[in-house]
Structures are given as structure tokens and as C-alpha cells.
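Quantities reported herein were computed from a predicted structural model and do not represent experimental measurements.
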Amino acid sequence: MTTTRFAPSPTGYLHIGNLRTALFNYLIARQAGGEFILRIDDTDPERSKAEYVEAIKRDLDWLGLHWDRIEHQSARFDRYAEVADQLRDQGLFYECFETPVELDLKRKKQLNMGKPPVYDRSALALSEAERTALRAERKGHWRFKLDQSRIEWHDGILGDLSIDAASVSDPVLIRGDGQVLYTLASICDDTDMGVTHVVRGSDHVTNTATQIQMIRAIGGSVPNFAHHSLLTGPKGEGLSKRLGSLALRDMRAAGVQPMALLSHLARLGSSDPVELRGSMEEIVAGFELTKFGSAPTKFDEADLGPLTAKYLQGLELEGVAADVAAIGVPAEMAQAFWQVTRGNISTLHDLAGWWDLIQNGATPVIDAEDQEFVAQALSMLPAGPFDSDTWGAWTSAVKEATGRKGKALFMPLRKALTGLSHGPDMGALLPLLQKIPRD
């Protein structure tokens, strides 16, 4: 069975980069009728917060990315200890004692000599007596001993990849304070949970090479890996410093619609054009991982506005009934209100402004040269109630009486009634207006 996972760290709120990874893994699982696992990477007790776990769930629920099961890495420390012991028994896990300062000095020396800054494995040359003495003065960290051969695999996006393990430092899997790091936890979980496909950012390519060796060392099956391009800003700038401002909860608060966001990310960076989809089923059916490229992908949050507006404009009242009711529109007016306003909103937040105009009226905007004309026209406006024919009959009478026509006729009247130079068809809006300026 196809099994994928999304493994966010609950140290902050989900952002647009996280979502891209979650969405790709979700779509692969759903296309194959497989399983999508939400795996909370909470091995860091200092930075992991329960409030962020709940926020992650809320964001995924809002988007409709429903997981089949949830796992917490903090509940699996005993398993990670077992695997660590297994690697020690195999001679593939060794203790090191360099401090961060000492490691930094080693890297600088290697770079000055024109060599790659790879850990020199000096800890392997320590005698047991030397290790014992070092343990008495500092805490050791544990590294996986790589087989310094070439690691090759076929990537679902990048194609055939090859990395010489001799050019990579033996990865640290357990820190000096005992914290299990992501790499060890991830290979244990992927193996135990039967993960078959892993899609993640291209900044993980080197990690993938080392993880392939580790998975094989513990007797696991290597998943199918694919590495999508990283997102940049609209001008190609890095998003790393802006990701906090691209949090999903902020997009939700701004009124971005889930289908607009998902439709955008499911195609962004692929050879297919971005097209608004009407349902998750459509997004699943149209997703093809092989169509994505390796080049950095430009993301502009401004693109979500037109997609959100287009999505909303295609909805019937049933899709927004709760939102319309929440701003106070009576049930008997809801259908007419939505029909009139849906073509003139960017987000659902805009509905409140239209309801305020309809319920409470607007401050008329009348240009100096139109004052006499507007006064005459308003005096000709019949007493309500109005219907769909009122606007046409009224403006025809005003045209005949004043000689005005076209924009010179219609625009001053719109501005006088709504305070705006744009908006819905006045023939449909006028019957809804509950307060009409008469002078």
C-alpha cells in the first residue's frame, strides 16, 4: 500500500513551504488509495509546543488535508534507543567528543587547505581510556558511520542522482544532551510505518543519501524519494526570512480560500498552467509529480487573490450560507444578497461592507457639476418598494427629463446611492437598498 507522511515540527506555525510538502504527499497517497500519516516531529522538548500541534491540525483541517492516522515521535524514544543499540552492535554508531568550537576550527582548517569540510573521524582513533577520560569532562554525541561509497537512487522529480558519501560528514544522530535528532527518528519511523514515498524540499537531497544507507543498515526498505524545488519570492528572492509572514493561519484570516491555495500549489512549478479546481477530487486527479521541475519556483501571494475571488464567484448560496447569516443578512434576503454581491468581492470579508451599505445606506458622493442633476433625479425616484424593473424605468425617465445619457447619466446616480463608482448591477442592487438618500 502506498504510504506517505508529513512530519512537521511543532515549533511554530505552518507556512506556505510546509504546505507544499504536505500537499504533495497527501495527493500521492490519495491517488493510490493509500495512507497519509501526520507525524509530529516533537523530539525537541524545549521548542515543541502543544499549541503548535493543535495549530498544525487546524491548518490541515481547514485545507481538507485529512490524515489517516497521527503519530508523535516523542512517544517513540524507546524505539529510537533500540535502533541506536542495533547500530552500535553493527559498528556503525560511534561516540564523538568535539565541542562546536573545535568542530568549527576543524572545518575552517580544511577549507583553508582546499579540502571539503567533512568530519575527519578522529573519534574512531580514541582508545577506551581516552573515551572514558573525555566522558568525565564533557558529553559525547553519536554519529552514524557512513560507507564511503557512492550512493545512487532515482528521484521522482530530479531523476537519477548520485552522491559520494566520502564527501559528506558522518551525520550526528544523538546530541550530547541526549536529544534524538530528526535523521534517526525519521529512518526508524519510515521503516516501522511502511512509508513507501517521501516528497520533500530539494534542500534534503544530501540527507536522503545518508538516510538511504541508514535505512538499509537497519534492514528497512528504501522509500521512493522525490525532491521538489524550493519556493522563492516573486523576484526570485529567498523566502526563508519571510516564511513567518506566509503562515497558513494568516492566509486563512485574510480570507484566502482553501481551494484557491491548493489549486495554486498543486500546479505551481510544474509544466501545467495553474487552474482553479472546484474540489479536492479534481486536484487529486490532475496531479502529476513527474511534471514538476528542479528550478526554484516563484511564489507570489498576490496570485491567491484572483483565484479566491474566482472560486467564490462560482459558489451557490449553499457554499456561503453560514457566512452570509453571520453578518446579519435575514434568511429571506440571503439568496438575493449573494447573487448581487458575489461578483464584487475578493474575499468573504467583503460581504460585511456590502451588507452595511444595503442596511444602513451610504454617504452620497456627488460631484459639484452633478448636484442639480442628482437632486432632480432623486426627486423623480418613486417611493419603494423597488423591484428589478425600477432602475431601468427610473433612469429612462431621468434621461428623458434631463437629456443625459450613458456614463453621464448612470455614474452620478450610482455614486449618489452607493457612494461608490463601481459595484453590482444597479437593477439588482436597488431593490435591496433599505435606506435611500432623497436630497
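- Residues Val256 and Leu248 have side chains not in contact (no heavy-atom distance under 4.5 Å, counting atoms from C-beta outward).
- For the pair Ile174 and Leu181, the minimum side-chain heavy-atom distance is 4.5 Å or more.
- Proximity of a side-chain donor or acceptor of Asp42 to a complementary backbone N or O of Gln73 within less than 3.5 Å is detected.
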- Message: Quick one, Ile16 with Leu231, criterion side-chain contact (heavy atoms from CB on, under 4.5 Å). Give me CA distance, side-chain angles, the key distance, then yes/no.
- Response: CA-CA 9 Å; Ile16 195 69; Leu231 295 178; 4.1 Å; yes
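- No donor-acceptor distance shorter than 3.5 angstrom exists from the side chain of Asp190 to the backbone of Ile187, with no hydrogens or angles considered.
- Within the 3.5 Å criterion, the main-chain N or O of Leu246 finds no donor-acceptor partner in the side chain of Asp250.
- Taking both residues in full, the closest heavy atoms of Thr43 and Ser48 are given as N-OG, 4.4 Å, listed atom of the first, atom of the second, then distance.
- Contact between Ser127 and Glu130 at its shortest, heavy atoms only, is N-OE1, 2.7 Å.
- With contacts defined as side-chain heavy-atom distances shorter than 4.5 Å, the pair Thr232/Phe299 does not qualify.
- For the pair Lys235 and Lys298, the tightest heavy-atom approach, listed with the atom from each and the gap, is C-CE, 4.4 Å.
- Taking the side chain as every heavy atom from C-beta outward, Leu63 and Leu261 approach each other to under 4.5 Å.
- Between the side chains of Ser186 and Arg5, at least one donor N or O lies within less than 3.5 Å of an accepting N or O.
- Ring centroid separation for the pair Phe36 and Trp67 does not come in under the 6.0 Å cut-off.
- Glu46 contributes atom CD, which lies 8.5 Å from atom CG of Asp177 (distance to the nearest 0.5 angstrom).
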- Message: Checking Tyr80 against Asp189 for the side chain to side chain donor-acceptor pair (under 3.5 Å) test, could you report, in this order, the C-alpha distance in whole Å, the side-chain angles of both residues, the deciding distance, and whether it holds?
- Response: CA-CA 9 Å; Tyr80 304 148; Asp189 293 344; 3.0 Å; yes
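- By the 6.0 Å contact criterion, CZ on Arg47 is open, its count of non-hydrogen atoms from other residues, nucleotides or ligands being 12 or less.
- Partners of Glu82 according to the side-chain contact (heavy atoms from CB on, under 4.5 Å) rule, which considers only residues two or more places apart in sequence or in another chain, are Arg79.
- Interatomic distance, Ile157 CD1 to Ser202 OG, rounded to the nearest 0.5 Å: 9.0 Å.
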- side-chain contact (heavy atoms from CB on, under 4.5 Å) evaluation trace for Val118 with Arg107: CA-CA 7 Å; Val118 176; Arg107 283 191 289 267; over 6 Å; no
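- When atom types are taken as modelled, the side chain of Thr196 and the backbone of Thr3 share a donor-acceptor pair closer than 3.5 angstrom.
- With sequence neighbours excluded, the residues satisfying side-chain contact (heavy atoms from CB on, under 4.5 Å) with Arg121 are Tyr94, Tyr119, Leu124, Lys145, Leu146, Gln148, Asp170.
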- Worked check of side chain to side chain donor-acceptor pair (under 3.5 Å) between Thr208 and Arg200: CA-CA 10 Å; Thr208 294; Arg200 55 190 179 184; 2.7 Å; yes
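- What you find for Phe292 and Ala266 is that their closest heavy atoms are CZ-O, 3.2 Å.
- In this structure, Ser229 contributes its side chain and Ala295 its backbone to a donor-acceptor pair below 3.5 Å.
- Side-chain contact check for Leu317 versus Val324: some heavy-atom pair is nearer than 4.5 Å.
- Nearest heavy atom pair, residue Ser149 against residue Gln213, reads OG-NE2, 4.1 Å.
- Ring centroids of Tyr26 and Phe287 are separated by 6.0 Å or more, keeping the two rings apart.
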- Step by step, would you call Glu95 with His141 a side-chain contact (heavy atoms from CB on, under 4.5 Å)? CA-CA 6 Å; Glu95 193 173 14; His141 55 274; over 6 Å; no
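- Taking the side-chain contact (heavy atoms from CB on, under 4.5 Å) definition, one finds that Thr290 meets it with Glu288, sequence neighbours left out.
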- Verdict with supporting geometry, Phe6 and Leu60, side-chain contact (heavy atoms from CB on, under 4.5 Å): CA-CA 11 Å; Phe6 173 50; Leu60 294 180; 4.2 Å; yes
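- Contact check for Val198 versus Asn224: no side-chain heavy atoms found under the 4.5 Å cut-off.
- Looking at Ser162 and Arg150, their side chains do bring a donor and an acceptor atom within 3.5 Å of each other.
- Counting only distance, with no hydrogens or angles, the side chain of His228 and the backbone of Gly293 share no donor-acceptor pair below 3.5 Å.
- In this structure, the separation between OG1 on Thr347 and OH on Tyr311 is 14.0 Å, given to the nearest 0.5 Å.
- For the atom pair His422 NE2 and Arg414 CZ, the distance stands at 8.5 Å (nearest 0.5 Å).
- Between Met214 atom CE and Asp147 atom CG the span is 14.0 Å, to the nearest 0.5 Å.
- With hydrogens and angles ignored, the 3.5 Å screen pairs a side-chain donor or acceptor of Arg342 with a backbone N or O of Leu315.
- With respect to Arg76 and Glu71, no salt bridge is recorded, no charged nitrogen being found less than 4.0 Å from a carboxylate O.
- Taking the ring centre of Tyr13 as origin, the terminal cationic atom of Arg249 falls inside the region bounded by 6.0 Å and 45° from the ring axis.
- Residues Leu276 and His264 are not in side-chain contact: their nearest non-hydrogen atoms beyond the backbone lie 4.5 Å or more apart.
- A salt bridge does not link Asp44 to Lys49: none of the charged nitrogens lies less than 4.0 Å from a carboxylate oxygen.
- Glu35 has a carboxylate O that lies under 4.0 Å from a charged side-chain N of Arg69, or vice versa, which qualifies the two as a salt bridge.
- Contact check on Asp104 versus Lys108 returns a salt bridge, with a Lys/Arg side-chain nitrogen under 4.0 Å from an Asp/Glu carboxylate oxygen.
- Between the side chain of Glu102 and the backbone N or O of Thr99 there is at least one donor-acceptor pair closer than 3.5 Å.
- When the shell of 6.0 Å around CE of Met1 is examined, it contains more than 12 heavy atoms from other residues, nucleotides or ligands.
- No side-chain heavy atom of Ser167 sits less than 4.5 Å from a side-chain heavy atom of Pro116.
- Between the side chain of Trp354 and the main chain of Asn344, a donor-acceptor pair closer than 3.5 Å is present.
- Across Leu351 and Phe337, no two heavy atoms sit closer than the pair O-CZ, 3.6 Å.
- Distance check: Thr418 OG1 to Leu433 CG gives 8.0 Å after rounding to the nearest 0.5 Å.
- In this structure, the side chain of Ser346 does not engage the main chain of Ala309 through any donor-acceptor pair within 3.5 Å.
- No salt bridge links Asp61 with Arg58; every basic N to acidic carboxylate O contact stays at or beyond 4.0 Å.
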- Item | Candidate pair Asp272 and Ser270, rule side chain to side chain donor-acceptor pair (under 3.5 Å), full reasoning | CA-CA 5 Å; Asp272 288 331; Ser270 77; 4.7 Å; no
